[in-house]
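Labels below follow one simple rule: chain letters A, B, ... track the order of the sequence lines, proteins then strands, and each chain is numbered from 1.
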There are 2 protein chains.
Amino acid sequence: MTQPCAHIIDDDEAIRDALQWLFKTRDVACATWPSAESFLAALQPGWRGCAVLDIRMDGMSGLECFDVLRQRGNQLPVIFITGHGDVPMAVAALKKGAFDFIEKPFNDSDLVDIVMRALEIDANNQRAEATRETVEARLALLTAREQEVMELILAGKFNKVIADELCISMRTVEAHRSKVFEKMEVRSAVELAQLVNLVRNRGGH
Amino acid sequence: MTQPCAHIIDDDEAIRDALQWLFKTRDVACATWPSAESFLAALQPGWRGCAVLDIRMDGMSGLECFDVLRQRGNQLPVIFITGHGDVPMAVAALKKGAFDFIEKPFNDSDLVDIVMRALEIDANNQRAEATRETVEARLALLTAREQEVMELILAGKFNKVIADELCISMRTVEAHRSKVFEKMEVRSAVELAQLVNLVRNRGGH
DNA sequence: TATTACATTGTGGACATCCACAACGCCGGA
DNA sequence: TCCGGCGTTGTGGATGTCCACAATGTAATA
């Protein structure tokens with residue numbers, strides 16, 4: 001079973017062990033990985049928690065690992081750790097969406113606090129993603145025509161107007177409308193709008 | 001008239017002049033301020049553009065200036081510049097919502113690029129804010145009762161159900177509903193939902 | 001005190017939506 | 001070739017919404 005945990009990715013065994021021990025004493029579940037490659041190879045979509053990622057590692061660097069993670073569509077909060085970081089690197093990492101960026105040596109309690117905040121954020125993300133996926137799944141059930149009708153419903157148009165625009169009878173629109181409601185599991189146009197707005201809108205940071 | 005411009009805030013006159021010249025040659029409108037205090041004293045809500053803020057200044061620091069700006073509800077993109085920055089400072093600034101954080105000496109073209117991106121972002125924000133304010137203004141016209149009814153409409157409930165929940169007649173609900181539509185300038189419950197969702201939802205970065 | 005804003009309710013009709021029952025043509029897969 | 005999904009359309013009725021016309025009571029304000 002995959003419960004939320006902090007994934008520690010560092011090629012230095014001493015640090016992995018130290019962090020593992022640190023998190024253990026603070027009751028934070030964690031897993032350790034000796035390289036970016038091993039972590040990415042094991043990673044499953046659906047893993048929750050966060051990643052504590054060392055930047056300078058043999059093989060793939062932490063920064064590259066982060067890019068791959070995001071390319072795979074994984075939105076896990078990532079906390080970078082580095083002993084040789086500079087301001088431009090930190091700025092670039094955060095602007096790309098890293099959760100935090102700290103330098104060694106760091107204060108243990110600070111790291112734990114950051115990780116716990118990251119875990120909280122991820123728990124929220126999980127709820128949002130679950131909702132999103134549910135809605136997307138329902139949307140996927142709609143035929144092209146039904147989606148077309150749905151858009152016009154969401155624009156607040158009357159069946160009569162929709163019928164005119166699509167050059168079909170009002171009765172047909174009603175049929176599609178009914179199907180849309182059924183597949184989307186809503187009982188009114190307003191509920192539909194609320195539901196669809198859950199997965200749209202939230203764009204453009 | 002206040003057109004979008006880059007506000008350069010630096011206590012070093014040589015730098016102000018240099019940046020002003022730089023922006024002028026790149027056709028980027030700008031204004032200069034010799035201190036955080038002078039900028040904040042002149043600042044009007046509604047000013048658009050971005051701020052290029054030196055961190056180390058006599059009197060109020062750039063970081064403090066940023067905090068005051070945000071406390072006032074101003075969302076202008078802020079680009080920090082510093083000659084003595086470190087990673088934690090940069091990280092803290094970005095996590096608080098700074099647009100960018102660069103070190104001196106910096107490449108002129110880089111700064112111009114950053115500022116131009118900031119100006120773009122701000123132009124988008126302006127549109128979003130304008131919409132938001134329009135909707136908020138309409139919402140403010142609603143009486144308490146009307147808002148109450150509106151919430152139930154947005155929940156997708158029938159007038160009959162709303163009447164039961166508020167212990168009033170269906171006719172009264174219809175009257176409120178009508179008033180809500182009129183004041184919100186929409187013609188259907190779906191339009192209302194779309195409009196209100198523009199100002200809700202977009203929370204929780 | 002007179003005015004105004006607000007919440008409340010009723011009647012009646014026009015219009016829109018929801019729904020059950022019924023049917024036809026097209027197209028792709030078994 | 002037959003079946004099933006899909007888009008299409010119709011009828012008719014129950015239910016919900018929109019709106020004009022009309023009215024009453026309360027509270028705050030000018």
Side-chain angles (χ1 to χ4, degrees), chain A residues 131 133-201, chain B residues 131 133-201:
Chain A
T131 308
E133 278 170 26
T134 303
V135 177
E136 296 276 13
R138 292 181 192 168
L139 283 173
L141 295 175
L142 300 180
T143 65
R145 197 56 155 172
E146 284 161 359
Q147 290 191 34
E148 207 170 348
V149 171
M150 187 184 75
E151 291 307 326
L152 298 174
I153 293 173
L154 293 179
K157 294 178 179 173
F158 291 143
N159 287 349
K160 187 198 299 184
V161 178
I162 298 174
D164 283 348
E165 289 191 19
L166 298 182
C167 298
I168 54 180
S169 84
M170 218 181 80
R171 185 60 194 84
T172 306
V173 176
E174 282 178 42
H176 287 313
R177 186 188 187 101
S178 171
K179 271 290 188 187
V180 169
F181 284 8
E182 182 188 331
K183 289 181 178 176
M184 295 301 290
E185 297 178 36
V186 296
R187 291 169 58 213
S188 72
V190 176
E191 274 184 56
L192 179 67
Q194 306 288 21
L195 202 63
V196 173
N197 272 320
L198 287 180
V199 303
R200 300 187 176 171
N201 256 346
Chain B
T131 308
E133 278 169 26
T134 303
V135 178
E136 297 275 14
R138 292 180 192 168
L139 283 172
L141 295 176
L142 300 180
T143 66
R145 198 55 155 173
E146 284 161 359
Q147 290 194 32
E148 207 170 349
V149 171
M150 186 185 74
E151 290 308 325
L152 298 173
I153 293 173
L154 293 179
K157 294 178 179 173
F158 290 143
N159 287 348
K160 186 198 296 183
V161 178
I162 297 174
D164 285 348
E165 289 191 20
L166 298 182
C167 298
I168 53 180
S169 84
M170 216 180 83
R171 185 59 194 82
T172 306
V173 175
E174 281 179 43
H176 287 313
R177 186 187 187 104
S178 172
K179 270 291 189 186
V180 169
F181 284 10
E182 183 189 331
K183 289 181 178 176
M184 296 301 290
E185 298 178 35
V186 296
R187 290 169 60 211
S188 72
V190 176
E191 274 185 55
L192 179 67
Q194 306 289 21
L195 202 62
V196 173
N197 273 321
L198 287 180
V199 302
R200 300 188 174 169
N201 257 347

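- Across every non-hydrogen atom of E146(A) and V180(A), the tightest pair is O-CG2, 3.5 Å.
- Protein atom CZ of F181(B) is 9 Å distant from nucleotide atom C1' of dT17(D), rounded to whole Å.
- We find that CG of L166(A) is positioned 15 Å from C1' of dT9(D), with the value rounded to whole Å.
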Practice problem: For T131(B) and T134(B), run side-chain contact (heavy atoms from CB on, under 4.5 Å): C-alpha distance rounded to whole Å, both residues' side-chain angles, the deciding distance at 0.1 Å, then the answer. | Solution: CA-CA 5 Å; T131(B) 308; T134(B) 303; 5.7 Å; no
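- Look at R171(B) and you won't find any side-chain N or O under 4.0 angstrom from OP1 or OP2 of dA7(C).
- When the nucleotides dT9(C), dT17(D), dG7(D) are ranked by their closest atom to the side chain of I168(B), dT9(C) comes out on top.
- Taking atom CD on E182(A) and atom P on dA20(C), their separation rounds to 10 Å, with Å as the unit.
- Looking at T143(B) and K183(B), their side chains come closer than 4.5 Å, going by heavy atoms from C-beta outward.
- For the pair E174(B) CD and dG12(C) P, the interatomic distance rounds to 14 Å; values are reported in whole Å.
- A close approach under 4.0 Å does not occur between any side-chain nitrogen or oxygen of T172(A) and OP1 or OP2 of dG7(D).
- OP1 or OP2 of dG10(D) sits under 4.0 Å from a side-chain N or O of S169(A).
- Remark: H176(A) is not in phosphate contact with dC6(D), judged by side-chain N or O atoms under 4.0 Å from OP1 or OP2.
- Summarising the geometry, the separation between NZ on K179(B) and P on dC19(D) is reported as 13 Å, rounded to the nearest angstrom.
- The CE atom of M170(A) sits 13 Å away from the C1' atom of dG12(D) (whole-angstrom rounding).
- Distance from the side chain of T143(B) is smallest to dA7(C) among dT9(C), dA7(C), dT8(D).
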Self-check item: Worked check of side-chain contact (heavy atoms from CB on, under 4.5 Å) between M150(A) and L139(A)
Solution: CA-CA 10 Å; M150(A) 187 184 75; L139(A) 283 173; 3.6 Å; yes
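- Contact annotation: K160(A) side-chain N/O to dA16(C) OP1/OP2 distance is under 4.0 Å.
- The backbone N or O of L154(B) sits less than 3.5 Å from a side-chain atom of Q194(A), completing a donor-acceptor pair.
- Phosphate proximity of dA16(C) to N159(A): absent, as no side-chain N or O sits under 4.0 Å from OP1 or OP2.
- Across the protein-nucleic acid pair, R145(A) atom CZ and dG25(C) atom C1' stand 15 Å apart, rounded to whole Å.
- One interatomic measurement links the two molecules: CG of D164(B) to P of dT8(C), which rounds to 14 Å at whole-angstrom precision.
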